[in-house]
Structures are given as structure tokens and as C-alpha cells.
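The next block holds one structure in the form of C-alpha cells; read it before the comments.
The analysis underlying the following values was restricted to heavy atoms, covering all of them including side chains, and did not include hydrogens, waters or symmetry mates.
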Amino acid sequence: MKKIILLGATGSIGTQALTIVRDNPDKFQVVAISFGRNMERGRAIIQAFKPQMVAVWHSRDKATLEAEFPDVKIFNGMDGLREVATCPDGDVLLNAVMGSVGLLPTLDAIEAGKNIAIANKETLVTAGHLVMNAAREKKISLLPVDSEHSAILQALNGENSERIKKIILTASGGSFRDKNREQLSEVTVKEALKHPNWNMGNKLTIDSATMFNKGLEVMEAHWLFDVSYDAIDVVIQRESIVHSMVQFVDGSFMAQLGTPDMRIPIQYALTCPDRFLVPFEKEFQITDFSALHFEKVDYERFPALKLAYNAGKIGGTMPTVLNAANEIAVAGFLNGQVAFYNIEALVENAMNRHASISNPDLDTILQVDKETRAYVKTLL
Ligand code: NDP
Ligand code: MG
């Protein structure tokens with residue numbers, strides 16, 4: 001029985017993780033959860049999964065839940081997230097919160113010796129060196145939930161990293177892949193939230209449309225697989241069937257394919273190297289796809305990806321700035337304060353005024369994250 005601490009239980013990944021637990025009561029138990037503000041869904045999860053510990057964001061929600069669930073330990077705010085992340089009974093932290101708010105709980109869980117299944121890519125982008133070093137020191141396993149990185153993990157299975165020539169991340173191209181830059185000036189939030197292949201949380205769906213998501217994933221791959229940025233490529237794979245590939249030095253490619261359903265990589269991050277059934281409504285048939293398409297990325301069309309490579313190569317605190325600026329810009333777009341094509345401009349502006357600090361410690365990262373958010377808010 002694997003005991004799971006699930007951060008971000010009410011979100012897209014959180015909800016799918018809970019279906020895996022529900023479908024496999026002999027294999028998994030949820031011992032602690034966190035959610036932000038969605039009290040209706042959060043309450044239903046507490047009733048169904050009976051966690052020992054729960055963290056919510058607001059203190060008023062904590063008080064409400066304490067009255068409703070006297071047997072459950074309820075916490076709130078960042079302290080609450082950190083408390084729940086180290087729940088003594090938990091074996092593995094499945095971190096599915098959105099944004100760099102997931103950093104401190106991840107570091108705490110590693111310190112407490114928990115294994116980590118990480119969906120929360122912003123944490124690796126903002127402080128990859130700290131997270132990976134802590135994981136190595138504590139000898140815990142830190143496995144990706146992101147479908148591309150799960151594909152790479154599977155393709156690499158047993159391979160020595162010296163044999164890798166390239167990691168090739170696939171990208172769908174997002175909601176506006178068939179629009180040119182001029183056409184982006186007219187797009188609405190509603191259109192941006194219609195992803196062609198995946199059903200995800202709002203922030204990630206916007207990140208897919210700008211390709212900041214792929215940029216964050218390039219940095220995520222750099223940290224998870226210890227490869228240089230020059231050895232990471234991105235290609236457009238319109239069908240989202242090939243989830244990513246590794247090219248080896250002998251010219252051989254290994255790819256992982258499957259239906260675009262996050263339950264596969266979520267479950268694999270919890271069971272690796274073991275595998276078991278995921279119950280699909282409709283079995284994936286490779287013959288449904290008579291052709292799979294691979295296209296080069298146009299970096300002029302998707303400047304976000306170029307910004308992310310630049311941030312990654314500069315390193316230090318620059319990825320923290322890119323991530324924090326993007327989080328604020330996307331929130332601004334979602335609530336109507338920012339035009340879609342200005343998301344990239346805001347991030348670029350924040351990066352241009354920042355002098356990267358190399359090998360930053362945790363306090364420096366938190367400070368830069370906070371300052372960047374405050375600065376970008378003044379531009380909205
Ligand atoms: P959602 O927006 O659907 O869910 C986010 C979860 O985090 C919710 O439970 C939300 O709570 C909680 N949350 C958000 N902000 C805060 C905060 N400030 N403090 C505490 N809790 C918070 O996101 P997704 O599930 O789409 O994505 C989660 C992470 O997984 C992201 O890092 C994303 O990049 C990554 N990921 C997601 C994939 C997907 O298919 N969805 C695929 C690959 C990676 P509430 O809603 O209750 O406020
Ligand atoms: Mg992904």
C-alpha cells in the first residue's frame with residue numbers, strides 16, 4: 001500500500017490522481033491533501049478519501065472545515081502546505097499544485113525523506129538545482145508526472161546518460177498553433193482555453209498556447225535528466241500521441257506513445273518501474289492514426305520558447321524571473337487585464353531588467369520571485 005500526500009487535489013492532475021486511487025484501493029491510499037479555494041470539490045474529496053491532514057489557503061476555510069470535520073487536522077496558508085507535505089504517514093508526495101508556491105513544500109518533503117512525484121514543473125524551473133541536489137543528498141526518488149518527461153524516463157529505461165545524443169520534447173502547439181502572430185491580437189480567453197488535445201488547468205492551457213509550457217518543460221528536462229540545453233530539442237507533434245523521444249548516439253530513437261491521458265504518466269510516477277491497467281473508456285488503437293506529423297518549431301512565431309531557452313542558458317535566477325513573470329502575466333490574461341500577445345512582452349520586459357544571480361540560495365530565489373511578481377503587477 002502506497003500512502004500518498006496529494007498537493008493540489010482539486011486541480012486537473014489532482015482529480016485524475018484521485019481516480020487512480022479510487023480505482024486501486026488495494027494499492028493506494030491518500031493520507032493528506034491540499035487544495036486552494038475550491039471548497040465544494042475539496043469537501044467532497046475529504047468525504048470520499050478521508051485524509052488525516054488537509055491544507056487549504058484561507059483561514060476562514062480552515063475554520064469552516066474544522067467545524068465540519070472534527071477528526072481531520074486542518075491547516076492553512078503556506079505553513080499549512082508545508083505541514084501537509086511532510087505528513088508523517090505519507091510515503092510519496094504527489095505535487096500537483098500550480099506555480100512556484102509548490103517549491104517550499106517539495107523541499108520540506110524531500111528533507112523528510114518522502115519520495116516525490118512531481119507535476120508541479122514551476123518548482124523545478126525556479127529552483128531546479130536546489131531540488132535535485134536535495135533529492136540526491138536524501139537519496140529519494142523524484143519522478144516526473146509531466147507526460148513528456150515520463151516518456152523520456154521510459155525511453156531512457158536502463159540507458160546510460162552518455163549514450164544520449166538529444167532529448168526531443170514534443171509539443172502540440174496549443175490552441176493557436178494555426179494562427180499567425182497578427183491573428184493573435186484578436187484572440188479571447190475562451191478561445192485560448194480550448195486546447196486541441198489535452199484537458200488541463202487554465203494556467204497550463206494558456207502556457208501551451210504561448211509555448212511557455214514547452215519552455216518550462218525544456219528547463220524541467222534539463223534538471224531531471226541532467227542534459228545541456230543544446231541537447232534538448234522541441235518538435236511539434238500535432239496529434240499528441242508521441243509524448244517525447246530520446247535520440248541516442250548511434251542514431252537510434254526511442255519514443256513513448258499512447259493516448260493523451262494524464263492518468264498514464266501520473267500512475268507511472270507512482271508505480272515505476274511497475275505498470276498496471278489504466279481503465280480507458282475506449283482502448284487506444286494505433287491504427288486510428290494512419291499518419292503522425294513532426295514539424296520544426298518556428299521560434300519567431302513562438303518567442304516564448306526562445307525566451308525560455310535564453311533563461312535556461314543564462315541560468316542562476318533568470319528562470320525564476322521568467323517563471324514568476326509568466327505566472328503573473330497569465331493570471332492577468334485570464335482576468336482580462338493583459339492581451340494574449342502581451343504575455344511574452346511582459347516576461348521579456350522582466351527578464352531584460354534582471355541581472356541574473358548565479359547559483360542562488362533559497363532566500364535569493366524567494367526574494368527574486370517576490371520582486372518579479374510585484375514588478376510585473378505594476379505593468380498590468
Ligand atoms: P489546476 O489549476 O487544475 O490545479 C491546481 C491545484 O493547485 C488546485 O488544487 C488548486 O486549488 C491548487 N492551487 C493553485 N494555486 C494555489 C496556491 N496559491 N496555493 C495552494 N494551492 C493552490 O492545475 P493543473 O492540475 O493543470 O496543473 C498542476 C501542475 O501540474 C502545474 O504545475 C502544471 O504545469 C502541471 N501539469 C499539469 C498537467 C495537466 O494535464 N493538467 C500536465 C502536466 C503537468 P483550488 O483550485 O482549490 O484553488
Ligand atoms: Mg507536458
Side-chain angles (χ1 to χ4, degrees), residues 1-35 41 45 48-49 51 84-85 90-99 102 105-106 109 114-124 140-157 169-170 172 195 197-205 207-208 213 216-217 220-221 224 240-244 256-284:
M1 177 69 74
K2 199 160 263 181
K3 295 185 175 176
I4 300 171
I5 302 164
L6 175 58
L7 302 188
T10 49
S12 163
I13 293 288
T15 303
Q16 295 176 84
L18 289 170
T19 68
I20 294 171
V21 175
R22 185 201 60 205
D23 291 343
N24 298 282
D26 54 326
K27 295 190 178 74
F28 301 121
Q29 184 190 353
V30 171
V31 292
I33 64 163
S34 86
F35 57 95
R41 197 179 283 182
I45 295 169
F49 292 88
V84 160
D91 304 315
V92 55
L93 173 77
L94 172 48
N95 185 349
V97 293
M98 201 285 290
T106 303
K114 313 290 180 199
N115 290 320
I116 310 287
I118 192 129
N120 176 228
K121 65 191 89 185
E122 295 88 352
T123 276
L124 284 173
I140 56 107
S141 94
L142 190 149
L143 296 178
V145 167
D146 218 341
S147 57
E148 294 78 1
H149 306 76
S150 179
I152 293 159
L153 176 74
Q154 294 175 63
L156 279 176
N157 214 352
L169 296 174
T170 53
S172 67
H195 193 281
N197 304 335
W198 295 94
N199 191 359
M200 314 176 288
N202 288 354
K203 190 259 183 180
L204 181 51
T205 307
D207 282 352
S208 297
N213 177 52
L216 301 182
E217 290 183 354
E220 188 185 5
L224 284 170
S240 296
I241 295 300
V242 178
H243 296 307
S244 280
Q256 185 257 348
L257 286 71
T259 195
D261 186 320
M262 283 307 295
R263 284 177 301 168
I264 302 174
I266 297 169
Q267 184 169 291
Y268 191 68
L270 296 170
T271 63
C272 169
D274 213 353
R275 297 175 187 272
F276 54 84
L277 181 90
V278 175
F280 296 109
E281 280 169 24
K282 183 178 173 289
E283 186 82 17
F284 173 67

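A donor-acceptor distance shorter than 3.5 angstrom exists from the side chain of H243 to the backbone of G258, with no hydrogens or angles considered.
Here L18 contributes atom CG and I45 contributes atom CD1; the two are 5.0 Å apart, rounded to the nearest 0.5 Å. The line from CD1 of I266 to CD1 of I20 is 5.0 Å long, rounded to the nearest 0.5 Å. If you take CG on L156 and CD on Q256, they are separated by 12.0 Å, rounding to the nearest 0.5 Å. Once rounded to the nearest 0.5 Å, the distance linking NZ of K114 with OG of S141 reads 13.5 Å. Taken to the nearest 0.5 Å, the OG1 atom of T259 stands 6.0 Å off from the CZ atom of F280. Between atom CG of residue D91 and atom CD1 of residue I140 there is a gap of 12.5 Å, rounded to the nearest 0.5 Å.
In terms of heavy atoms, M200 sits closest to S208 at CE-OG, 3.4 Å. Taking all atoms of both residues into account, the shortest heavy-atom contact from A96 to A119 is CA-CB, 4.1 Å. In terms of heavy atoms, N24 sits closest to F276 at OD1-CE1, 3.4 Å. Nearest heavy atoms, V92 versus A117: CG2-N, 4.1 Å. Shown here for P260 and I241, the closest heavy-atom pair between the two residues is CD-CD1, 4.0 Å. Closest approach of L93 and A109 over heavy atoms only: CD2-CB, 3.7 Å.
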task = Take S240 and W198 through the side-chain contact (heavy atoms from CB on, under 4.5 Å) test and state the conclusion after the steps.
result = CA-CA 8 Å; S240 296; W198 295 94; 3.5 Å; yes
ask   = Are M262 and V145 close enough, and set up right, to give a side-chain contact (heavy atoms from CB on, under 4.5 Å), and what steps lead you there?
value = CA-CA 8 Å; M262 283 307 295; V145 167; 4.0 Å; yes
key: Criterion side-chain contact (heavy atoms from CB on, under 4.5 Å) on T271 and F28, from CA distance to verdict   = CA-CA 10 Å; T271 63; F28 301 121; 3.8 Å; yes
Working for side-chain contact (heavy atoms from CB on, under 4.5 Å), residues L204 and M98 = CA-CA 9 Å; L204 181 51; M98 201 285 290; over 6 Å; no
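Under a 4.0 Å N-O distance rule, the pair E148/K121 does not qualify as a salt bridge.
Applying the side chain to side chain donor-acceptor pair (under 3.5 Å) test to T10 and every residue at least two apart in sequence or in another chain returns nothing. Partners of S172 according to the side chain to side chain donor-acceptor pair (under 3.5 Å) rule, which considers only residues two or more places apart in sequence or in another chain, are H195. For S244, there are no side chain to side chain donor-acceptor pair (under 3.5 Å) partners at least two apart in sequence or on another chain.
L7 has its side chain out of reach of N120: every pair of non-hydrogen atoms, C-beta onward, lies at least 4.5 Å apart. Side-chain contact between Q267 and K27: absent, with no pair of heavy atoms (C-beta onward) separated by less than 4.5 Å. Side-chain contact between F284 and D261 is absent, with no heavy-atom pair separated by less than 4.5 Å. Residues I5 and V31 are in side-chain contact: their nearest non-hydrogen atoms beyond the backbone lie under 4.5 Å apart. F35 has its side chain out of reach of R41: every pair of non-hydrogen atoms, C-beta onward, lies at least 4.5 Å apart.
When each of D146, L216, I118 is checked for a side chain to side chain contact (heavy atoms under 4.5 Å, CB included) with L124, only I118 meets the rule.
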